[in-house]
Amino acid sequence: MSKFIKLKKGFDINLAGKAEKKVADIEQPETFAYKPTSFHGILRPKLMVDEGDNVKAGTPILFDKKNDKVMHVAPVSGEVVEIKRGAKRKLLEVVILADKKVESVEHKKFSVSDITNLSRDEAQEIMLKSGTWVNLVQRPYGVIADPSESPKSIFISAFDSHPLAPDYDVLFKGNEQYFQAGLDILKKFSESTIHLNIHGENEVSQIFSHAKNATLNKVTGPHPAGNVGVQIHHIDPINKGDIVWTINPYGVIQIGKLFLDGVYDASKIVALTGSEVSNPQYYKTYIGASIKNMIANNIKSDNVRYISGNVLTGEKIEDNGHIGFFDHQVTVIPEGDYYEMFGWIKPTTNKLSFQRAFGLLSFLNKNKEFVVDTNAKGEPRAFVQTGVFEKVMPMDILPTYLLKAILAEDFDDMEALGIYEIIEEDMALCEFVDVSKHDVQSIVREGLDLIQYS
Amino acid sequence: MQFLRDQLDKIKPHFEKGGKWEKFYFIYEAHDTLLFSPNHTTKAKGVQIRDAIDMKRMMMTVIIAMIPCLLFGIYNVGYQHFLALGQEAALMDMILVGAIQVLPIVVVSYVVGLGTEFAIATIRQHPINEGFLVTGMLIPLVMPPDIPLWQVALATVFAVVIAKEAFGGTGMNVLNVALTARAFLYFAYPSQISGDVWTYLGDGSAVSGYSGATPLSIGANAVTNGENVVASLGSYGAGWADNLFSFSNLFFGFIPGCIGETSTLMCLIGAAILIITGVGSWKIITGVFGGAYLMGLLMNAIGVNEFMLMPAEYHLVIGGLAFGAVYMATDPVTASQTESGKWVYGILIGMLTVVIRVFNPAYPEGIMLAILLMNVFAPLIDYFVVNANKKRRLQRATV
């Protein structure tokens with residue numbers, strides 16, 4: 001049964017630098033990187049390539065020894081030029097110097113009717129080997145889906161409500177048949193339903209509105225309405241022992257392409273956004289692209305931060321850094337490494353705030369697009385303010401109590417207070433509005449790790 | 001501006017690890033961050049931008065909300081002074097007398113309190129929290145104008161050390177810090193926080209008929225004397241201050257009492273500031289007023305003695321109910337922290353206040369004890385709210 005969900009809680013962060021709906025051609029970057037850090041729960045990555053090896057798009061390059069059937073593959077063809085490691089030799093990136101023309105590993109092609117007749121096991125085998133399986137994220141924990149499990153339902157959020165989020169219509173236009181083929185494949189895995197959640201008011205792309213084999217739900221409201229976790233909470237909540245899979249429409253299309261065209265296609269459209277970008281627009285590239293060419297002669301100032309993803313859940317990268325696996329957006333905002341005299345008390349309409357404490361007047365200017373820098377705007381403090389997390393969390397979850405349960409490592413309370421229902425992104429707004437400047441998202445991950453691994 | 005920044009940067013190394021004043025880093029940091037918002041940036045992973053609010057601004061909002069009470073308190077101390085002496089005085093004279101009496105109390109509260117905070121932060125090596133900015137203003141406002149300064153100092157030290165730092169500092173305390181200061185004085189020096197202290201007389205002597213009574217003590221006396229409270233309030237001050245305790249005077253605050261808590265109107269202005277800015281919980285404020293009014297009505301219905309028969313609306317304007325409701329009960333750390341818990345917490349404070357007033361003739365002011373008592377029960381209220389949430393989630397699982 002389709003549902004219509006109207007959310008009231010939340011906050012739309014209106015930033016300057018929305019991408020113009022135009023897909024620009026750029027010279028493809030020289031390097032692409034596969035970043036295992038984009039995924040949670042890769043415990044013992046085993047590399048299958050060395051520096052100097054040549055790979056094709058779709059060649060397996062690593063797997064997790066804990067989950068050895070799931071292959072991670074190269075997004076483009078070329079030479080592995082660097083294997084970047086961090087502290088304790090943690091694998092950070094496998095960097096590939098790309099060929100001018102991408103060559104792909106070839107898989108078996110299927111017609112639409114073949115797909116209908118395909119069994120779950122066959123489809124799963126192909127997905128695992130081809131590298132498309134990693135698009136399936138399992139809740140609880142937000143880790144790569146376990147192929148030996150069956151989810152009670154699969155959720156696809158067909159819109160992104162994050163700040164400066166790319167328009168899914170631009171990202172996925174023209175992929176209708178692939179999306180449908182992907183849905184048809186996914187249908188084999190879900191015991192009950194595939195929920196495809198579209199925005200209840202905005203114009204919805206045909207790719208989603210005409211989709212079959214899925215239940216179409218409508219969701220309205222401010223961010224985090226587009227977060228799949230919030231949608232799950234209101235449509236088919238996760239209880240202890242339940243398993244739900246989520247997948248981005250990009251992943252569905254990638255699966256569709258694999259079966260219809262027989263290739264692992266890592267091409268994607270990425271939005272370059274943010275107040276410091278001269279021409280914010282969309283670019284066609286591949287998973288893991290270096291942002292170097294995209295930002296060349298396109299940035300207004302020197303002291304900026306490059307973020308793979310959005311400003312709420314993204315990760316800082318260098319000016320020659322690579323985009324994360326799940327990101328369709330690069331955001332460039334000013335660095336906030338400056339002192340401001342009496343900055344804590346000066347009245348201003350230019351500082352974005354969800355709150356209205358003395359002098360914070362941005363609420364008078366709701367339609368203004370704000371330029372926000374990376375300044376932390378305060379020092380970390382103990383929990384003092386109450387009630388504000390609840391205003392940005394459209395779930396029947398008590399965020400402060402859940403965070404305190406995690407900090408106290410109280411497993412029973414974590415479970416009872418709803419840790420199975422959330423991952424970091426669902427509480428990102430709490431981190432934004434927090435007057436005590438806690439690292440809410442890393443606390444959430446700490447809790448998920450505790451529950452999952454102890 | 002840059003000069004000041006340069007000077008701070010120049011002395012900073014002395015306070016950092018290995019520097020000669022390393023121990024005093026947090027004192028340096030407190031001053032530095034007061035002058036300049038720091039240059040810290042967000043971490044590599046997680047939110048990349050932060051809301052413009054910080055603890056200092058939030059606390060400062062509360063202080064701003066208290067300014068109407070402080071200004072009116074200064075005026076009223078002078079006004080009551082000349083009224084009790086039976087002298088005519090110009091507005092400026094009243095303000096002057098009030099300022100001379102009140103400002104030293106404010107200064108002592110801040111100097112002693114911040115001194116204690118600095119000392120503890122140095123010993124325990126933790127950053128100085130902004131909580132005392134608010135406490136430092138609350139303490140003077142709940143003191144009688146005649147309070148000896150050494151008592152203010154002692155109460156402040158007691159409150160900061162025992163009520164707050166012993167529990168781990170701002171955010172960890174169980175009891176409202178400013179109320180603890182007041183309760184300390186009430187129990188340690190009862191004779192100096194009752195009786196004639198509510199009006200500053202100075203060296204002068206009061207007019208005949210002046211008794212130092214407060215509306216609440218008149219109410220308490222009504223129980224023993226069997227006199228109608230409203231009539232007693234109406235007749236009090238006859239000859240030297242007619243209609244001193246009229247309903248409008250009680251509402252506007254032209255009555256003797258603690259420095260900042262006589263005026264319900266000023267408290268309501270403060271409440272408006274707290275509610276509009278979202279810093280204070282409207283649920284708690286409404287709950288306290290509503291609870292007190294309902295309990296007042298219930299008392300009227302029972303009506304065993306004259307104090308019980310006092311019209312319920314009088315409970316809202318006499319004593320420190322409004323001040324307590326707006327500035328003390330809303331302390332986010334010691335209040336209920338869940339949204340539905342805030343209703344229960346506020347309503348119970350209001351009801352308890354009236355119960356304590358009416359049934360406890362030894363101590364006619366009820367709001368202080370009611371808030372302190374409910375501070376202790378707030379976690380229990382939250383416990384039930386949180387449990388209800390857990391149960392809801394569990395029930396869903398069986399469906």
Side-chain angles (χ1 to χ4, degrees), chain A residues 237 239-240 305 307 311-316 331 333 335-345 348 351-360 362 372-379 381-387 390 396 398 400-401 416-418 428 431-437 439 441-442, chain B residues 1 4-5 8 29 33-61 64 127 129-131 168-172 273 276-279 281 283 332-333 335-339 342 382 385-386 389-390 392-394 396-398:
Chain A
N239 303 300
K240 189 178 180 181
R305 179 175 295 194
I307 301 157
V311 290
L312 286 181
T313 62
E315 187 173 10
K316 177 184 173 180
T331 313
I333 55 172
E335 273 291 6
D337 52 349
Y338 56 84
Y339 290 95
E340 186 186 6
M341 196 164 192
F342 298 119
W344 60 276
I345 192 62
T348 169
K351 286 184 181 173
L352 177 68
S353 179
F354 173 72
Q355 321 226 23
R356 294 179 180 184
F358 170 76
L360 296 177
S362 64
V372 184
D373 56 50
T374 63
N375 192 283
K377 303 191 175 69
E379 306 97 69
R381 291 289 182 258
F383 286 101
V384 169
Q385 196 186 23
T386 62
E390 285 79 358
D396 185 19
L398 300 167
T400 317
Y401 283 87
L417 290 167
E431 183 168 318
F432 171 73
V433 300
D434 186 12
V435 69
S436 301
K437 313 287 172 187
D439 294 328
Q441 293 184 81
S442 58
Chain B
M1 211 188 308
L4 194 59
R5 183 68 252 159
L8 283 166
E29 190 214 28
T33 56
L34 196 70
L35 286 168
F36 291 91
S37 289
N39 62 348
H40 305 160
T41 54
T42 51
K43 295 187 175 158
K45 208 166 169 155
V47 294
Q48 308 287 320
I49 57 172
R50 289 277 194 172
D51 192 297
I53 196 172
D54 68 348
M55 197 62 81
K56 287 188 178 68
R57 197 182 281 267
M58 189 178 136
M59 295 295 180
M60 191 48 84
T61 308
I64 288 167
N129 281 289
E130 290 79 7
T170 302
M172 323 283 181
I273 296 174
I276 292 169
T277 55
V279 169
S281 166
K283 293 175 186 169
V333 174
S336 259
Q337 302 185 0
T338 52
E339 290 309 292
K342 283 175 183 168
D382 286 336
V385 177
V386 173
N389 178 280
K390 290 179 186 170
R392 263 200 309 280
R393 185 162 285 103
L394 218 63
R396 203 182 57 188
T398 57

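Chain letters run A, B, ... following the sequence lines, proteins first and then strands; every chain starts at 1. Remember, it's a predicted structure, so these values are computed and weren't measured experimentally.
The closest donor-acceptor contact from the side chain of B:Gln337 to the backbone of A:Gly387 lies at 3.5 Å or more, if one exists at all. A donor-acceptor pair under 3.5 Å is absent between the side-chain atoms of B:Thr277 and the main chain of A:Arg356, judged by distance alone.
Ranked by heavy-atom pairs shorter than 4.5 Å toward chain B, the options A:Asp396, A:Ile307, A:Leu398 are led by A:Asp396. When the candidates A:Glu390, A:Gln385, A:Lys437 are compared by the number of heavy-atom contacts under 4.5 Å with chain B, A:Lys437 comes out ahead. Heavy-atom pairs under 4.5 Å with chain A peak, among B:Glu339, B:Glu29, B:Lys43, at B:Lys43. Interface remark: of the candidates A:Ala428, A:Gly418, A:Ser442, A:Gly418 forms the most heavy-atom pairs closer than 4.5 Å to chain B. Ranked by heavy-atom pairs shorter than 4.5 Å toward chain B, the options A:Arg381, A:Glu335, A:Gln441 are led by A:Arg381. If you tally non-hydrogen atom pairs under 4.5 Å between each of A:Gly343, A:Ser362, A:Gly359, A:Gly378 and chain B, the highest count goes to A:Gly343. Ranked by non-hydrogen atom pairs under 4.5 Å with chain A, the options B:Met58, B:Arg5, B:Lys342, B:Glu130 are led by B:Arg5.
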Side chain to side chain contact (heavy atoms under 4.5 Å, CB included) assessment of B:Lys45 paired with A:Lys316: CA-CA 6 Å; B:Lys45 208 166 169 155; A:Lys316 177 184 173 180; over 6 Å; no
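Neither the backbone nor the side chain of B:Lys283 comes within contact range of chain A, judged by heavy atoms closer than 4.5 Å. Contact annotation for B:Thr33: both backbone and side-chain heavy atoms come within less than 4.5 Å of a heavy atom of chain A. Contact of B:Leu4 with chain A is made through the side chain alone, with heavy-atom distances under 4.5 Å. The parts of B:Val333 that come within reach of chain A are both its backbone and its side chain, each placing non-hydrogen atoms under 4.5 angstrom from that chain. Only the side chain of B:Ile64 comes within less than 4.5 Å of a heavy atom of chain A; its backbone N, CA, C and O stay farther away. Interface residue B:Met60: only side-chain heavy atoms are found under 4.5 Å from chain A.
Annotation: side chain of A:Arg305 is in contact with side chain of B:Thr41 (closest heavy-atom distance under 4.5 Å). Residues B:Met55 and A:Glu379 form no side-chain contact, since every pair of their non-hydrogen atoms from C-beta on lies 4.5 Å or further apart. The closest side-chain heavy-atom distance from B:Arg393 to A:Lys240 is not below 4.5 Å. When side chains are defined from C-beta on, B:Asn389 does not count as touching A:Tyr401, because their heavy atoms never get closer than 4.5 Å. The shortest distance between side-chain heavy atoms of B:Ile49 and A:Ile333 falls below 4.5 Å.
In this structure, CD in A:Gln355 is found 11.0 Å from CZ in B:Arg57, a value given to the nearest 0.5 Å. From A:Phe342, atom CZ reaches atom CG of B:Leu34 across 6.5 Å, with rounding to the nearest 0.5 Å. With values rounded to the nearest 0.5 angstrom, A:Leu360 atom CG is found 7.5 Å from B:Thr61 atom OG1. To the nearest 0.5 angstrom, B:Ile53 atom CD1 is 11.0 Å from A:Phe432 atom CZ.
Between A:Thr386 and B:Pro332 the shortest heavy-atom distance is CG2-O, 3.7 Å. Smallest separation of non-hydrogen atoms from B:Val386 and A:Leu417: CG1-CD2, 3.6 Å. Heavy-atom minimum distance, B:Pro38 versus A:Tyr339: CA-CD2, 4.0 Å. When all heavy atoms of B:Arg50 and A:Glu431 are compared, the closest pair comes out as NH1-O, 2.7 Å. In terms of heavy atoms, A:Ala382 sits closest to B:Gly171 at CB-CA, 4.4 Å.
A salt bridge does not link A:Lys351 to B:Asp54: none of the charged side-chain nitrogens sits closer than 4.0 Å to a carboxylate oxygen. Ion pairing between A:Lys377 and B:Asp51 fails under the 4.0 Å rule for side-chain N and carboxylate O.
For A:Phe354, the ring pair (Phe, Tyr, Trp, His ring centres under 6.0 Å) partners are A:Phe11, not counting sequence neighbours. Residues satisfying the ring pair (Phe, Tyr, Trp, His ring centres under 6.0 Å) test with A:Phe383, not counting sequence neighbours, are A:His438.
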